[in-house]
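What follows is a short report on a single structure.
We name chains A, B, ... by the order of the sequence lines, and we start the count at 1 in each one. What you see is a predicted model; the values in this text were computed from it and never measured.
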Amino acid sequence: MKDLLVILASSSTSHPLNRRHNNPKFKPSSLPSPVTTKITPSPTPKPPPPPPPPPSTASRPPPFSTVRWDSRASYCTSLPNTHLKYYADLASNLAKDGKFHEFLMISESVIASLTEPSEFVGLLSTELVSAGIARILREEGKVWSVVEVLRGLDKLGFGALKVFDGETERKAVARECRRILKHGGVLEAVELMETLSGFHFPIRELVESSEIVGLCMRKRDSDLAIRYACIHPHAHIVFCTIIHEFGKKGDLMSALTVFEASKQKLSGPNMYAYRTIIDVCGLCGDYLKSRSIYEELLAKKITPNIYVFNSLMNVNARDLSYVMSVYEHMRTLGVTDIYSEVQQLESRGVLKLDVFTYSTIIKVFADAKLWRMALKIKGDMLSAGITANLVIWSSLISACANSGLVEQAIELFDDMLLAGCVPNSQCCNALLHACVEGCQYDKAFRLFRSWRERGFEVNVGSNAGVEHAHGNSSGTLSNSTSKSHNLTNPRKAPFTPTTATYNILLKACGTNYLRAKALIDEMNAIGLPPNYISWSTLIHVCGGSGSVEGAVQILNSMREAAIQPDVIAYTTAIKICVERKFLNTAFILFAEMKRYQIKPNLVTYKTLLRARSRYGSLQEVQQCLEIYQEMRKAGYKPNDYYLKQLIEEWCEGVIQNDNQIETKFSSFKKADLGGPYGLLLEKVAKHLEKRNAESMVIDLQGLTKVEARIVVLAVLRMIKENYAQGCPLKDDLFIIVGVKNAAY
DNA sequence: ATAGGGTTAG
C-alpha cells in the first residue's frame, strides 16, 4: 500500500502524465485502461493492485468518462469488503495530503461500482478527509479550492462528512466570508454558505443573519434571501424577518413570495409567519390580501392563534363589520368567549351589565392586547347609557399601554380629565406604563415631574355633572361647587406617587444605572422604600448597563435591605448572565437559588436553557440534560425546541435543521421519524445522562431505524468523548433492539 | 372592577 501511495504521490506532482494532461490534445481514454488490470482477491491480506493513476492535479474536476468507469463497474461490484476498505484508506490518505483530485477520482470510480454508496462512505476516514481540508485552509487559506472540493464531495454523496471541527479552519472560512461581503458579494457568500451547510459548517457563526438579510433587502433580492433562510438552522425566524423587512419597504409582492417559500420549506403551519404576513398586508395597505391569507388558514383547518387574530383585526380595523365577523369566529374557536357569555346572560335577564362587568371585559381584551376590542366595548357601554368611571378609564389606558400606544393612551387620559374624572395613582401609573412600553422613557419622566409640580387640571363643567348623574361617582369631583358655574371650570387635583409609580420609572431608566440608583435613593428619602419589584427592576437596569457583577451584587443588597430575592429576582440576574455569556455565574446563581429554597419556574428553566446555542463538550450537554431532567421532575414540559437543538449538535448531522432529516447521507426521509420527536428525545436524553456513562444499555425498542441510529450515534459520541477524557467504558455495551423494529 | 419586576420560536 505504501508503494501505491508513492506512485500516486509522484504521479500527482511531477509525473510525465501531468504534462500530457496539460496538453489539450491529450485524451483520458488514451490512458492505459484500468479495466485490463485484473484484481485477484487473495485470502491472505495482500494489497490489491492499484487503481488507475490520477491524470491530473489541476484545479479542474478529473476528466472522467462515465463509459470508461461503467465498464469497470461490472467488475467492481464483486469487490470484497477488504478491498473496499483498502480503497477507502487509500482515498482517505490522499485527501489527508490535500490530493483531493486523486481522492475524488478513486471515490468516484469505487462508488460507481456500488449499489449502496454509503458502504464506501462509511469506510472513509472523516478525520483524514477533514485533516486535508483543514490543511488547505490553514496553510494556504484557499477557501475556494475547499469549496470546489466540497462540491465534488457533494456530487458523490459525501454530504454527511463533518469536516469543520477545528476552530482555525472555521475562522479561515469566516474571514473569507467577511471579505466577500465587504466587496458586496452577497450572492457569492450565500453560495458559499450553501455549500458549507451541506457539510455541517455552523453557518450561524459566519455572519449575523440580520446582515445577510439586510444586504438581500438592499438588492431587493427575495430569491437570495429565501436561499439563505433555507440553510439557516432557524429558518422559521429568518423567514419572518425577511417577510417583515419587505413589508417595511412596502414590497408586498416580495413579502408574499417569501411567505410562500417559507410554507414550502417549513413543515407544519408557522403562526409566526402568518401573523407577520398579515401585519405586512396592513403595512402595505392591502387589507383584502390579509383576509385571503386568513381564509387560507381556515381552509386548511388550521386554528389561528390570538396573535393572528389580533393582527387581522388591526389590519382590517376600518371595517368594523369584518372585525366583528372575525371576532365572532374567534369566539367560536374559544379564544375568548367571555363577552358573548355575559351578553347571553344579560339577554336572559340573569345579569344586568353594569360598569363592573364592562370593566372586567375591557380588562380581558386589554390583557390580550386587543385594544381595539377594548375601545369597542367602551362604545357598547356608552350606548347602553353607562358612563365611564375611573376604573374604566384606567383599564382603557392599560389596554393601550399593553400595546405600546403612547399617543392613544395620552388621548384617553386627556379625555378623562375633560370628562371631569380625577385620576388616582393607579391611573397615572397606567399612563406612565404606556410610555415605558412605547419606549418613550423621557416622556414618562416629563409627565411625572409635571404632575408632581402642578397636579392635574380637571374639567368640572356642567357636562360632567349630567354624565355622572347615572354612573358611579367615585373619582369625580363633587358637583356642588361646579354647579354654580355654568361654564367649564378647571379644578386642581394633586398627584401622589406610589411605590409602583417609582417602579415604572425605574423601568424607564432603560440602561441608565445611575439614574435608577438615584431613584432608589429618592424612594428611601421620601418614605417609599423599594420593594422586591423595585430591586428586580434595578437588577435589570444594572445588567442592561453592562455590569454583570453589579447585577449579581444587587441580590446581596436585597438581603441587606431585608428583602429576600424571589424567583423573579434570580431569573432576572440569570438572564443577564446568560445574555453576557457569563455561563458559569448563571449556573452558580441557579444553584444558589435552590439552596435558598427558591423553586425555579418555567421561565427560569427556559432562561437558563437559552444559555447555549451550541454544545461544545459532553460536560455542556450533560449540564443541559440535567436541567431537562429537573424540569421534567418539577412537572414542566420541556420545550422540545431546545432539546432538539441539542440533539442536532450531537447526532453527527443525521438530523439537520428543524424538522428535516439529512437525505444525502442516508436515503431516509422525514417520514421515517414517525411523528413527533417525543420518544426519540427522551431516549437520547436518558442515554446521555451522567450516571449512565459507565455501564451502558441502549434500548432501541419502539424506535424506527433512523431514530435508533440517532440514539446509537449519540451514545457512541459520548463514549468517544469520555474515552478522550480518560474515562473509558468499563462494562459491556448492550443494545436492545425491539422485536418488531430490529434496527441493527 | 384598575397599576409595577423575569419568559414569549434566534
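Residues of residues 536-549 of chain A that place a heavy atom closer than 4.0 Å to DNA chain B, in numerical order, are A:S536, A:T537. Within residues 553-568 of chain A, the residues that have a heavy atom under 4.0 Å from DNA chain B are, in order of number, A:D566, A:I568.
Contact annotation: side chain of A:S394 to base of B:dT2, donor-acceptor pair present below 3.5 Å. A:T241 contributes no side-chain N or O that forms a donor-acceptor pair with the base of B:dG10 under 3.5 Å. Side-chain N/O atoms of A:N270 and base N/O atoms of B:dA9 include a donor-acceptor pair closer than 3.5 Å.
Of the candidate nucleotides B:dG6, B:dG10, B:dA1, B:dA1 has the atom nearest to the side chain of A:N389. Looking at the side chain of A:V603, the nearest of the listed nucleotides B:dA3, B:dG10, B:dG6 is B:dG6. In the set B:dA9, B:dG4, B:dA3, B:dG4 carries the atom at the smallest distance from any side-chain atom of A:I504. Side-chain proximity of A:T571 to B:dA9, B:dG6, B:dG5: nearest is B:dG6.
Residue pairs meeting the salt bridge (charged side-chain N to carboxylate O under 4.0 Å, His left out) criterion with at least one member in residues 593-605 of chain A, sequence neighbours excluded, are A:K594-A:E630.
Among the heavy atoms of the strands, none lies under 4.0 Å from A:Y502. A:T499 comes within 4.0 angstrom of a nucleotide base, judged by non-hydrogen atoms across all strands. At the heavy-atom level, A:T498 lies under 4.0 Å from base atoms of the strands shown.
In this structure, A:F365 has its ring center at least 6.0 angstrom away from the ring center of A:W371.
For CZ of A:F495, the number of neighbouring non-hydrogen atoms (other residues, nucleotides, ligands) closer than 6.0 Å is greater than 12.
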Show me, pair by pair, the donor-acceptor contacts under 3.5 angstrom made by side chains of residues 432-446 of chain A, not counting sequence neighbours?
from	atom 1	to	atom 2	distance (Å)
A:H433	NE2	A:E437	OE2	3.3

Side-chain atoms of residues 531-540 of chain A: list all donor-acceptor pairs with protein atoms under 3.5 Å, sequence neighbours left out, distances to 0.1 Å.
from	atom 1	to	atom 2	distance (Å)
A:N531	OD1	A:N503	ND2	3.4
A:N531	OD1	A:I533	N	3.0
A:N531	OD1	A:S534	N	3.0
A:N531	OD1	A:S534	OG	2.8
A:S534	OG	A:N503	OD1	2.6
A:S534	OG	A:N531	N	2.9
A:S534	OG	A:N531	O	3.4
A:S536	OG	A:Y532	O	3.1
A:T537	OG1	A:I533	O	2.7

Pairs of donor and acceptor atoms involving the side chains of residues 514-523 of chain A, under 3.5 Å and at least two apart or interchain, shall be tabulated with distances.
from	atom 1	to	atom 2	distance (Å)
A:K517	NZ	A:D521	OD1	3.4
A:E522	OE2	A:R452	NH1	3.0
A:E522	OE2	A:Y502	OH	2.6

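Along DNA chain B, the nucleotide nearest to A:T501 and the one nearest to A:Y272 differ in position, and the one closer to the 5' end is contacted by A:T501.
Between the A:N402 side chain and the A:A366 main chain, a donor and an acceptor come within less than 3.5 Å of each other.
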